[in-house]
Structure formats: C-alpha cells, structure tokens
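All chains are named by letter (A, B, ...) in the order of the sequence lines, taking the proteins before the strands, and each is independently numbered beginning at 1.
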Number of protein chains: 2
Amino acid sequence: MAVPQTFALDAMGGDHGPEVVVPSAMRFLGKRQDCRLILVGREDAIAKHLPRWAAHDERVLIRHTSQEVAMDELPSKALRGKKDSSMRVAIDLVKQGEADACVSAGNTGALMATARFVLKTLPHIDRPAIITAIPALEGQTHMLDLGANVDCTAEHLFQFAVMGSEFVRAVQGLTMPRVGLLNIGEEEIKGNDQVRAAHELLAASSLNYVGYVEGDDIYIGEVDVVVSDGFVGNVALKASEGVATLIAQMLKRRFGRNLLSRLSGLVALPVLRGFRTDVDPRRYNGASLLGLRGIVIKSHGGADELAFEHALRIADQEVRSRVIARIEREVEAHLGEARALSLQPSARVSA
Amino acid sequence: MAVPQTFALDAMGGDHGPEVVVPSAMRFLGKRQDCRLILVGREDAIAKHLPRWAAHDERVLIRHTSQEVAMDELPSKALRGKKDSSMRVAIDLVKQGEADACVSAGNTGALMATARFVLKTLPHIDRPAIITAIPALEGQTHMLDLGANVDCTAEHLFQFAVMGSEFVRAVQGLTMPRVGLLNIGEEEIKGNDQVRAAHELLAASSLNYVGYVEGDDIYIGEVDVVVSDGFVGNVALKASEGVATLIAQMLKRRFGRNLLSRLSGLVALPVLRGFRTDVDPRRYNGASLLGLRGIVIKSHGGADELAFEHALRIADQEVRSRVIARIEREVEAHLGEARALSLQPSARVSA
C-alpha cells in the first residue's frame, strides 16, 4: 500500500499497561511493514519496554501524556478530568486525522464515553454499539451490542443490525451476511415489545434477515450477525465465558486427579494443546465500537501480548476495509429505506 | 415415610413420550419404594412400555387421557382446547390433591399457562418463575427466571429472589443462601431502572443479598441464587448450552483428527468419560415452576431416561422438603417486611 496506516495505541490502558502493549505492538509491526504506530502514554514507561531498534525506527512514535484513566474510574470523571490521558489523546489522534484507528485495553465505559464525545456518532446513528467475533461450530458469529446500551428501542436494534451486517460484509467479505435477532422461544408471542417491533423493521428491510435466534444459535454459526440490546448481549457473552472457564477447570481437574489420569493427559497433550488453541479467547480479542466517526477497538483489559496483537489486527482490517465509510453509506441507505416504508413511526416503541 | 408420595407424570410429553417417560419412571420407582406414580396419557401407549411387574403393582396407576399437547402448540390453544390432555390432567391431579407433584417434558409455554390457570399463584406472587440448578466451579447455582416472564418490574425480581432463596434453603438445606442480582458492569450507573430498583429492595431486605453479579458469576458458585428477568435468564442459559456443545464438538474433532490423536483419545478415555459425566446436562435436568400452589417440574423435551429420572428426583426432593409451604411463609414474611419499609411504592418501576 502506498499510504502507511497509523494506529494510535493507548499504551497505559489495561491491567498491564505498556508492559504488554509495547512488546505486542512491536510484534505486530514486525509483520506489518507498512504501518506506523503512535504509542500514547508516559514516555519513560513506554521507553522502558521499547526494544533498541524501535527507538530509532521512524514507524514508531511516542506521544507523551501526563494522565491515565483507571480501570474502575467513572466514565464521566475520566471525560471531564482527564483531557491529557493516554486514552483521550489516542482518540483525539483519530479525530485529528493523525491516526486511522485507536486501540485501547482501558476501561470500557470511559472508552465509549470519550470516543462518543470526541468522535461523535455517524449520521442517523443514535447510539454506538460494541461488536465482537465469537467462535462458532461453523466459522464465526458477530454479536452486538455487548454492553454499551442497556435499554434499546426497536430503532436502535435496527441500527445495530444495519451496522453489524455491513461490518461483517467489510471485514469478512461476505456478500449477504445472515442477520438474526436474539429472542427467547418460551412466550406465546415471542419476546418483548422492542424485539417484536425490531423484527417487523428487519423483516421489511433489504437486509438478509433470517428471523429470531435463541441463545444457543450464537455458537452454531448459521447466522453471521446476532443483534440484541447491550444488557442481554453482555450477559450472554459473560455467561459463555463463565461456562468455558468452568469446562476448562473440570477438564484440568479430571486429568490431574491421579497418576494414571495425569499420564493419559500427557499422552493426549498434543491434542489437548490443539483444543486449547481452538477455544483460546485471545484469538477473538478485540471488540469494535461501531457507529462512531472513527475506528476504536477495545481490547480485553487482561489481554496478554498475543491477545492485544489480535486487537491490533482487527484495527488493521477495519482500516483496510474502509469500514466506517461503508457503514455510513449503508446506514444512510437502510434508514432511508425504512423511512420510505413508513415503518419508523410504528417502531418508536420506547424501551 | 408413613404417607406415600404420589407423582403425576405427563406420559405423553416431550419428544419421546411414553417411550422414555414410562421406563424412566420405573427406574425411579425401583429406587424409591415409598412412592406411587400416576402415568397420565393414552392407556395403550403407556401399557406398551410398562414392564409386566408394573402392570400388577399397586404403586403404578394409569390415568387414561384422550388428548395431547403438541410441542409447538400455542399455550392459549392448549389451555382452551385440550382439557383432557395428559399435561392438563396431570396438573389437575395436583390441584385435586391426588398427586403431590407433577412432572412433564411437554411444551414449556403450555405447561406454565396450564399450571398457572389450574393451580393459581401463591398469595403476594404476581407471576410464577422457572428455576433450575446450574453446575458451578464450587457446587451449584440456582437461577431464575428462565423464560416465563419477559418484562419484569423490580417487585417481580424481588419476589423471584425471595422464592429462589427459600427454594434453595429447602432443597439444598442451606441456611442463608447468597442471592445475587444479574447485571452488567459496563454502564456508569449499572443496569436498567428495574434492576436498580430491585437492588434497593433486596439491599433493604433480610435476604442474604450479596449485590450485583455478572454473567460469568453464574458458573463460579460464589452465589447460590442468581435472579434475572426471564428474557435475560433464558438467553444466558441457552448461550451457555451453546458454548458447552461447541466445546464438546471441538474436543471430539481434535481427538478424531488422525490415528495418533484417536489413539491418545483411547488412552484418555476413562478421564474423558469422567469429564463427560461432569458436564452432563442430564444431571441437571428438571426446572421447577415456582410461585404456584403446587409442585410442577418441567423436564427438557429431549430428555432421555436418565434425564427424566433426574426431574422426578427433583419433584421428590421438593415434596419431601415441603417447599411450597415454606415459600408461601417466606413470601408472606418478606413482602410484609418490604411493605413495612415502605419500599413498595418506589419499587413500582414499570418494565
């Protein structure tokens, strides 16, 4: 590529800060020669983890900041009081066009609030949403919203669907991503008012909407995008993480129970290692804040070098696929479409 | 025990009907000499699966019915049009005092609607909820509601907490079950209005309320009861099932990949079998419909003999621990308590 891509990294974010972010960024740079990295944070802390070659590499810039956002800091407090934080400045760099994307392992609430304040939402988008890839039996599923929006109207859910669909088209190269709306199957007339109204909007749209899906469908891979409000999506994702941890612990306990089981575990080690790779959450690290006028990727706070590098790779994919421009265009087209069908007023069911 | 317990079984319910229910019931009876079973359904279909000894055993009764509720039948249709269904008559037997509990693997919506119509809710309980045990790293967690109530007010959530806590006290023998309220951690002021208002009610109550929990806490076992609305609870449970299936498939694929991995799987077979037992969902089959004036247990529709027997064992536990009388007393005490604290009006936040 002729024009190098520039990523602004919140080097102080996450549980480990520059200790993880800096080496991880250097690994990434080793594989992507045409990128530039701006490491944002306390200069001395960053320099401590920078290899000698990088200190003289023009692709690596350090942007010193004097503040940091704590992992448990209130978003409003971070937004008002931390204008020179590594998180804020990394986002500012995207706003100013100095970086093509920003990656942070910091406090999710603060990141969302700051990104929204600095970058603003795209036209027709009321609220940004958080999307991530999830492993499935066949390929992968993308799910949104994962916690940015507690109560959602039908229109919000529809906006999420449009954004999620175009996101998957852009980064996965699918032509007609299958979109499902998360619901439950127990009620006579399924779901709540918002979900039912969103179902009507989606069914009337030109999206490849396949209808309602249930919690277990997320992991089957027969849909590409699963849409829900942020409360439900967050609980589903965290419950899934909980089950995966439980199962891993049970497997470990079983194989460690006695000498014989430890020996058989040793024999099965290559297989068990392969399996661990299959379910390694680090391979899915990196959630995107969608609906903003700029690319912001949230890495898991506890991410290690491998996981953080994956978040960087997602940022890279999004820049290359020009995801923001594509989403902006699709949102315009689909919300125009919904309006033409006069569906919007009936969809204004308050949460 | 002096007085034998009687269980009414919907023999036609579930994906397999009497083919599974009848042999499963006989296995259960072999272990619980002091029980009586009423097998409700088409006499010829039941008789076909009844062993010879059981046909002459006075502990086994067949109650013939002419109708069945289909697994996909609308609850309202089942309720109006199927008054001689195996499901309805099994519940009627509880109402009439001829059975101490009813177990059905039939359509959840129809079972809930019929049970609610026939048995009615306990005083102070607006809506029944569905509760089940879930495996956790340490012991097990009980979770409710799992899909009976899509939108819940703070009062409903509070009622669920009181019922769930007393349920666990009764069946698990815990003195002070730890109760958690399911929420997400991303928002500045966590959760939605209903959850926040329920939090206030719970914090002011004499329940052993430990505060908010997140999706992954369900599987850790540091709380005994997790309370949520039925939409969120259902999605969390189904997503968890989906992950467990995904992981099992991945493990299977890995061990089947080539000759070497198949051989190492053979060596590890005893351990893998033990592990499969650990995560066997059949060992947790049987959800209880709480808040009714009678014991109704819902078995998974696809339950096999082992799984259905577990649902019967749960019914047995509930009868022996007199769970309904205990819940009725606790609900009276706690809702009286909430009223005395004048918390009820402020908790009337509509969903």
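In this structure, the portion of A:L272 lying under 4.5 Å from any heavy atom of chain B is its side chain and not its backbone. There is no contact between A:A248 and chain B, counting heavy-atom distances below 4.5 Å.
Taking the salt bridge (charged side-chain N to carboxylate O under 4.0 Å, His left out) definition, one finds that A:R253 meets it with B:E138, sequence neighbours left out. Take B:D280 and apply the side-chain contact (heavy atoms from CB on, under 4.5 Å) test, not counting sequence neighbours, and it matches B:R282, B:R283, B:L306.
Atoms CG and CG, from B:D216 and A:L237 in turn, are 9.5 Å apart once rounded to the nearest 0.5 Å. Once rounded to the nearest 0.5 Å, the distance linking CG of A:N192 with CG of B:N149 reads 12.5 Å.
Considering only heavy-atom pairs separated by less than 4.5 Å from chain A, the leading option among B:S240, B:A110, B:A113 is B:S240. By number of non-hydrogen pairs under 4.5 angstrom with chain A, the leading residue of B:L182, B:I218, B:N107, B:T245 is B:L182.
Residues from residues 254-264 of chain A that place a non-hydrogen atom less than 4.5 Å from a non-hydrogen atom of chain B comprise A:R254, A:F255, A:S261, A:S264, given in numerical order. Along residues 219-231 of chain A, the residues that come nearer than 4.5 angstrom to chain B, judged on non-hydrogen atoms, are A:Y219, A:G230, A:F231 in order of number.
Under a cut-off of 6.0 angstrom, the local environment of NE2 in B:H300 is sparse, with at most 12 non-hydrogen atoms contributed by other residues, nucleotides or ligands.
When every heavy atom of A:L246 is checked against every heavy atom of B:A136, the shortest pair comes out as CD1-C, 3.5 Å. Heavy atoms only, all atoms of each residue included: A:A236 and B:V235 are closest at CB-CG1, 3.7 Å.
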